[in-house]
Structure formats: C-alpha cells, structure tokens
**Student:** 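Before I ask anything, here is the structure I am working with.
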Amino acid sequence: MKLWDSPRTSFPYSFDEVVSAFWDRYPNSHAKHILSEDVLERQITDNTIVTKKLIIKQGSSILKRVPRWISRMTDIRVVPVIEESVYDRVSKKLVTYTRNVSHLSLFELHERCVYKPSELYDLQDQQTHPALLTDVLRSVTVSIDCGRMSSVYEQVLLMGFKKSINNTTKGMFEKLEEKFGVKHLANEKMKLIKEKLIKSSSNLVTHVKCEEEHENH
C-alpha cells in the first residue's frame, strides 16, 4: 500500500464559490471520461450537507499505463466509484472521500480532499478582499495485491495521477469561470495564481518520486 499527500494548492475563488462549482463540476471539457453521475443520498441539516454519489468512469487512463502483459487492469472498461462529501458551513470545510467499488480483487484506490478558505492569503489582501483563495489538500491511498509486483503497480497508478489531477484542476477552473467569471479584482494576480496551481498539479508526480527516493535512503 502507498499513501501520498499532495502539496497544498489554491483556487483564486472564495470557499463558497469553489463549493458551488464542486457540486456542479460535471460535465466539463476536461472530464470526458465521466459517463454518469447520480446522487444516491443527501442529508441536509442547519449547518451541514452530506452527499453520496455514484460516479461511473470510463476505463481509467491511469490503469492503461500499466503494461498489458503484466496486468489485467488494462482490460477494465468501466470503473464505478462512490464519492462522499461533507460540507460544514460553520467550520468552512468541504471534505470528500472517493473510492472504487468494483474490481476490488485487483486494486483499491481511495482519495480524500479537503477544501477550506486559504491560510496563504497575505494580510494586506485579506483586509481588502477576505478569503479570496480556497486551499485544496489531497491524499491518495493505493493498494494492489499482486505479490512481488504490487509495489510496481502501485507506483504506476500514483504516477498516473499526474495527468488525472491536472485535468481535474482545469475542469474546476472551467466551471468556476463559467459560473463566476474571471475576477475583475487583481486579474493579473489571479492569472499568475491559476498558472502556478496548474503547474503544481503537473509536478505532483515529481514530488512523490522525490519523497520515495528520500525514504529509500
């Protein structure tokens, strides 16, 4: 089993805007592999919204990175996943849990994300425009039971997240800009933040590799 925590990233939108876009993020042009999305349960209280969704994904490009001759995972055409999200209006957090619910004999992939108002926004900006940024903290656990090759498969799946998370980021930006537009406030600064976020998503695999090399030493 491999556990990986991504670097902190931020969206240049308020927490409420990011939550709204998250619930409505499909379809978008960067998520063509999503076949369907259905709400199974939703519980609403005064301060929380708890949602469970069934999301059907086309055969993951991540799985196809595994060479066909060493794994049956490349034959997977459809991957149903359960996504559970907990929105807390008081604590200003949205926590999501996503896991595959099929092909469990081949692999298990769990993802946890925490969305919250950013702690990185400098004091001067906070005084003028509070909570413009929203942080995203992401962790992934991959588990494969294939004997001595398990570690190799797990590393390949983690590397596949490079493209996956990059597209997820682009899709969220697309929805945010569609719903709320490009902010007129500090447009140039927002552009730089956006470019930095997408770039950091592209470098996530390098981050994982460096950490693992460090552990091996």
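Residue indices begin at 1 and follow the sequence shown. Excluded from the calculations below are hydrogen atoms, water molecules and symmetry mates; all remaining heavy atoms, backbone and side chain alike, are included.
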**Student:** Evaluate the side-chain proximity of Y87 to T48: yes if any heavy-atom separation is below 4.5 Å, no if none is.
**Tutor:** no

**Student:** So do F11 and L176 actually touch side chain to side chain, heavy atoms under 4.5 Å?
**Tutor:** yes

**Student:** Under 3.5 Å, side chain of T134 to main-chain N/O of F15, donor-acceptor pair present?
**Tutor:** yes

**Student:** With no hydrogens and no angle check, is any side-chain donor or acceptor of E17 less than 3.5 Å from a backbone partner on S14?
**Tutor:** yes

**Student:** Of all residues at least two apart in sequence or in a different chain, which pass the side chain to side chain contact (heavy atoms under 4.5 Å, CB included) check with E178?
**Tutor:** K175

**Student:** Does a side-chain heavy-atom distance below 4.5 Å link I55 with Y26?
**Tutor:** yes

**Student:** Distance from W4 atom CH2 to T141 atom OG1, nearest 0.5 Å?
**Tutor:** 11.0 Å

**Student:** Over all heavy atoms of both residues, which pair between I82 and K52 is shortest? Give the atoms and the distance, please.
**Tutor:** CG2-CG, 3.9 Å

**Student:** Distance from S143 atom OG to L104 atom CG, nearest 0.5 Å?
**Tutor:** 10.5 Å

**Student:** Does the H30 side chain pair with the main chain of M172, one donor and one acceptor, at a distance under 3.5 Å?
**Tutor:** no

**Student:** Do V95 and V90 sit in the same hydrophobic cluster, where Ile, Leu, Val, Met, Phe, Trp and Tyr count as joined when their side-chain heavy atoms come under 4.5 Å apart?
**Tutor:** no

**Student:** Return the set of residues passing salt bridge (Lys or Arg N to Asp or Glu O under 4.0 Å) with E154 (not counting sequence neighbours), or none when no residue passes.
**Tutor:** none

**Student:** Looking at R99 and E84, does any basic side-chain N land under 4.0 Å from a carboxylate oxygen?
**Tutor:** yes

**Student:** Apply side chain to side chain donor-acceptor pair (under 3.5 Å) to T98 and list each qualifying residue two or more places apart in sequence or on a separate chain.
**Tutor:** none

**Student:** Does I56 form a side chain to side chain contact (heavy atoms under 4.5 Å, CB included) with V78? I'd like the steps, not just the answer.
**Tutor:** CA-CA 7 Å; I56 306 297; V78 175; 3.4 Å; yes

**Student:** Please identify each residue that fulfils side chain to side chain contact (heavy atoms under 4.5 Å, CB included) with L137, with sequence neighbours left out.
**Tutor:** R8, V114, K116

**Student:** Is any side-chain heavy atom of Y97 less than 4.5 Å from a side-chain heavy atom of C113?
**Tutor:** no

**Student:** Please determine if E111 and R138 form a salt bridge, counting it only when a charged side-chain N lies under 4.0 Å from a carboxylate O.
**Tutor:** yes

**Student:** D135 and S10: side-chain donor and acceptor closer than 3.5 Å?
**Tutor:** yes

**Student:** Is P12 close to F173 at the side-chain level, that is, under 4.5 Å between some pair of heavy atoms?
**Tutor:** yes

**Student:** Kindly give the heavy-atom pair with the smallest separation between K179 and S20, and that separation in Å.
**Tutor:** CE-OG, 3.1 Å

**Student:** Report the C-alpha distance between I165 and N167 in whole Å, list the side-chain angles of each, state the deciding distance to 0.1 Å, and finish with yes or no for side chain to side chain contact (heavy atoms under 4.5 Å, CB included).
**Tutor:** CA-CA 5 Å; I165 295 177; N167 284 337; over 6 Å; no

**Student:** With clusters defined by side-chain heavy atoms of hydrophobic residues (ILVMFWY) lying less than 4.5 Å apart, directly or transitively, does V142 cluster with V152?
**Tutor:** yes

**Student:** Between I34 and K57, does the side chain to side chain contact (heavy atoms under 4.5 Å, CB included) criterion hold? Intermediate values first, please.
**Tutor:** CA-CA 5 Å; I34 301 298; K57 300 183 178 183; 3.7 Å; yes

**Student:** Charged N to carboxylate O under 4.0 angstrom, R25 versus E83?
**Tutor:** yes

**Student:** Would you say N100's side chain and V81's backbone share a donor-acceptor pair under 3.5 angstrom?
**Tutor:** no

**Student:** Please step through side chain to side chain contact (heavy atoms under 4.5 Å, CB included) for the pair V140 and L109, ending with a clear verdict.
**Tutor:** CA-CA 7 Å; V140 177; L109 195 155; 4.2 Å; yes

**Student:** Report whether V101 and L40 are members of the same hydrophobic cluster (ILVMFWY, side-chain heavy atoms less than 4.5 Å apart, transitive linking).
**Tutor:** yes

**Student:** With ring centroids as reference points, do Y115 and F22 lie under 6.0 angstrom apart?
**Tutor:** yes

**Student:** V39: what forms a side chain to side chain contact (heavy atoms under 4.5 Å, CB included) with it, not counting sequence neighbours?
**Tutor:** R42, T51, K53

**Student:** Test: salt bridge (charged side-chain N to carboxylate O under 4.0 Å, His left out). Region: residues 89-98. Which pairs qualify, not counting sequence neighbours?
**Tutor:** D16-K92

